[in-house]
Amino acid sequence: MLDTKARFQTKRELAVAKVKDAIMLGRYRPGQSLRQCQLMTDLNLGATPAREAALELVAKGLLVYESHRGMRVAGLDPERVRQVYNVRALLESEAARLSAAHATDQAIEQVTRHARTTEAAFANNDLKKLGAADGRFHQALYEAAGNPVLLNLIERMWEQFPRYMLWHSPERVRQSIHEHREILQRFSRRDATGTARAVRRHILHGLDAFDSILRAQSAG
């Protein structure tokens, strides 16, 4: 669940997080073959946590296991990506609406700080920090929604595709930063409807960018 507070994690949870981050950040690409020993070496994991992480991520659909081919990173299905983005637009616009209606000064300060960190990471061409800051921006934006079920569903949607692909598009990142500023402006005014609409536009513009990337890859 979206949560900015640190908590104890088991070895299995840490292993799942490491493998998932490696996929989300592009270390392991869609369709790439993986072996348990590779996960152990690359991510400094023990045999049992690596095996448990692989099993969990197969269940979540991020990894695929086939008896005759072994394990690999799930490929990208353009139609599934579109479906995920449309569901994200529904869920995240509602979370933004609820959060903006109950935004505290502290929440507004947090969202502002993460927006600035995102801009700084882009200016420094630091993709790892850019991805982390973008995630924290959205987390902070939705924290005040007061609906843990909704936040859990949003996090599950975030796990359905490799977000790093958009971070490699400077044009999309610049557009995204501009959209973050609009979202922040409306959130700071506690404009629930305006914040929701801005978030929906932001996510659907991300879908447009993803479609362009996938079409270019297909053409290549």
Worksheet item: Can you tell me how far CG of Leu39 sits from NZ of Lys18, rounded to the nearest 0.5 angstrom?
Response: 11.5 Å
Discussion item. Quick one, Gln38 and Gln32 - any side-chain contact, counting heavy atoms below 4.5 Å?
Written reply: yes
Discussion item. Run Ser99 and Glu143 through side chain to side chain contact (heavy atoms under 4.5 Å, CB included) and show every step you take.
Written reply: CA-CA 7 Å; Ser99 287; Glu143 278 296 318; 5.8 Å; no
Item to complete: Could you tell me whether a side-chain N or O of Glu66 sits under 3.5 Å from a main-chain N or O of Met71, the two making a donor and an acceptor?
Response: no
Response to the item:
With sequence neighbours left out, the residues meeting salt bridge (charged side-chain N to carboxylate O under 4.0 Å, His left out) with Lys60 are Glu56, Glu159
Discussion item. Does atom CG (Asn44) have a neighbourhood of more than 12 heavy atoms from anything else shown, all under 6.0 Å?
Written reply: no
Worksheet item: Short question: side chain of Asn147, backbone of Val149 - any donor-acceptor pair under 3.5 Å?
Response: yes
Worksheet item: Considering residues, nucleotides and ligands other than Glu109, do more than 12 of their heavy atoms fall under 6.0 Å from its CD?
Response: no
Worksheet item: Taking atom CD of Gln36 and atom OG1 of Thr41, what is their separation to the nearest 0.5 Å?
Response: 10.5 Å
Worksheet entry | Residue pair Val73 / Leu34, side-chain heavy-atom distance below 4.5 Å | yes
Discussion item. Please determine whether the number of non-hydrogen atoms from other residues, nucleotides or ligands lying under 6.0 Å from atom CD of Gln106 exceeds 12.
Written reply: no
Practice prompt. Hey, can you tell me if Trp158 and His138 have their rings parallel, tilted or perpendicular (30° and 60° cut-offs)?
Written response: perpendicular
Discussion item. Within the structure provided, determine whether Glu94 and Leu150 are in side-chain contact (heavy-atom separation under 4.5 Å).
Written reply: yes
Response to the item:
Given the options Asp105, Ile108, Val111, Ser188 meets side-chain contact (heavy atoms from CB on, under 4.5 Å) only with Ile108
Item to complete: To the nearest 0.5 angstrom, please state how far the NE2 atom of His180 sits from the CD atom of Gln185.
Response: 14.5 Å
Practice prompt. Kindly indicate whether the side chain of Leu63, heavy atoms from C-beta on, has any atom under 4.5 Å from the side chain of Ile23.
Written response: yes
Item to complete: Before giving the answer on side chain to side chain contact (heavy atoms under 4.5 Å, CB included), spell out for Phe122 and Asp134 the whole-Å C-alpha distance, their side-chain angles and the decisive distance to 0.1 Å.
Response: CA-CA 10 Å; Phe122 178 58; Asp134 178 73; over 6 Å; no
Worksheet item: With sequence neighbours excluded, what pairs up with Ser212 under the side-chain hydrogen bond (donor to acceptor under 3.5 Å, both in side chains) test?
Response: Arg215
Worksheet item: Under the 3.5 angstrom rule, does the side chain of Arg97 hit a backbone N or O of Ala192 as a donor-acceptor pair?
Response: no
Item to complete: Give the intermediate values and the outcome of side chain to side chain donor-acceptor pair (under 3.5 Å) for residues Arg172 and Gln175.
Response: CA-CA 5 Å; Arg172 172 53 195 161; Gln175 181 188 39; 2.6 Å; yes
Practice prompt. For the pair Lys11 (side chain) and Pro49 (backbone), establish whether a donor and an acceptor sit closer than 3.5 Å, ignoring hydrogens and angles.
Written response: no
Practice prompt. Give, for atom CG of Leu90 and atom CD1 of Ile154, the distance between the pair rounded to the nearest 0.5 Å.
Written response: 11.0 Å
Item to complete: Determine whether Glu182 and Arg201 make a side-chain contact, defined as any pair of heavy atoms from C-beta on separated by less than 4.5 Å.
Response: yes
Item to complete: Could you check Arg113, Lys129, Arg181 and say which one makes a salt bridge (Lys or Arg N to Asp or Glu O under 4.0 Å) with Glu119?
Response: Arg181
Practice prompt. Could you tell me whether the side chain of Asp208 reaches within less than 4.5 Å of the side chain of Tyr85, counting heavy atoms only?
Written response: no
Worksheet item: Quick one: NE2 on His114 to CZ on Arg136, what's the gap to the nearest 0.5 Å?
Response: 6.0 Å
Practice prompt. Starting from the C-alpha separation in whole Å, work towards a yes-or-no answer on side chain to side chain donor-acceptor pair (under 3.5 Å) for Gln160 and Arg80.
Written response: CA-CA 9 Å; Gln160 298 301 309; Arg80 179 172 174 78; 2.4 Å; yes
Practice prompt. Just do the side chain to side chain contact (heavy atoms under 4.5 Å, CB included) check on Leu130 and Val173 with the steps written out, would you?
Written response: CA-CA 9 Å; Leu130 174 64; Val173 175; 4.1 Å; yes
Worksheet entry | Heavy atoms of other groups near Glu79 CD, more than 12 under 6.0 Å | yes
Worksheet item: Has the side chain of Asn152 got a donor or acceptor atom that lies under 3.5 Å from a matching backbone atom of Pro148?
Response: no
Practice prompt. Verify, without hydrogens or angle tests, whether Thr195 (side chain) and Ala100 (backbone) share a donor-acceptor contact under 3.5 angstrom.
Written response: no
Worksheet item: How many angstroms lie between CZ in Phe210 and CG in Leu204, if you round to the nearest 0.5 Å?
Response: 14.0 Å
Worksheet entry | Leu98 backbone acceptor or donor facing His102 side chain under 3.5 Å | yes
Item to complete: Tell me, with the steps shown, if His202 and Ile183 meet side chain to side chain contact (heavy atoms under 4.5 Å, CB included).
Response: CA-CA 9 Å; His202 173 58; Ile183 291 168; 4.0 Å; yes
Worksheet item: Between Arg200 and Glu92, is there a side-chain N and carboxylate O pair less than 4.0 Å apart?
Response: no
Worksheet entry | Pair Asp42 + Arg35, salt bridge at N-O below 4.0 Å | no
Discussion item. If we ignore hydrogens and angles and just use 3.5 Å, is the side chain of Ser93 paired with the main-chain N or O of Ala196 as donor and acceptor?
Written reply: no
Worksheet item: Taking everything shown except Arg190 itself, do over 12 heavy atoms lie less than 6.0 Å from its CZ?
Response: yes
Worksheet item: Crowded around Arg82 CZ? As in, over 12 foreign heavy atoms under 6.0 Å?
Response: yes
Practice prompt. State, with a plain yes or no, whether a side-chain heavy atom of Leu45 is found less than 4.5 Å away from one of Val19.
Written response: yes
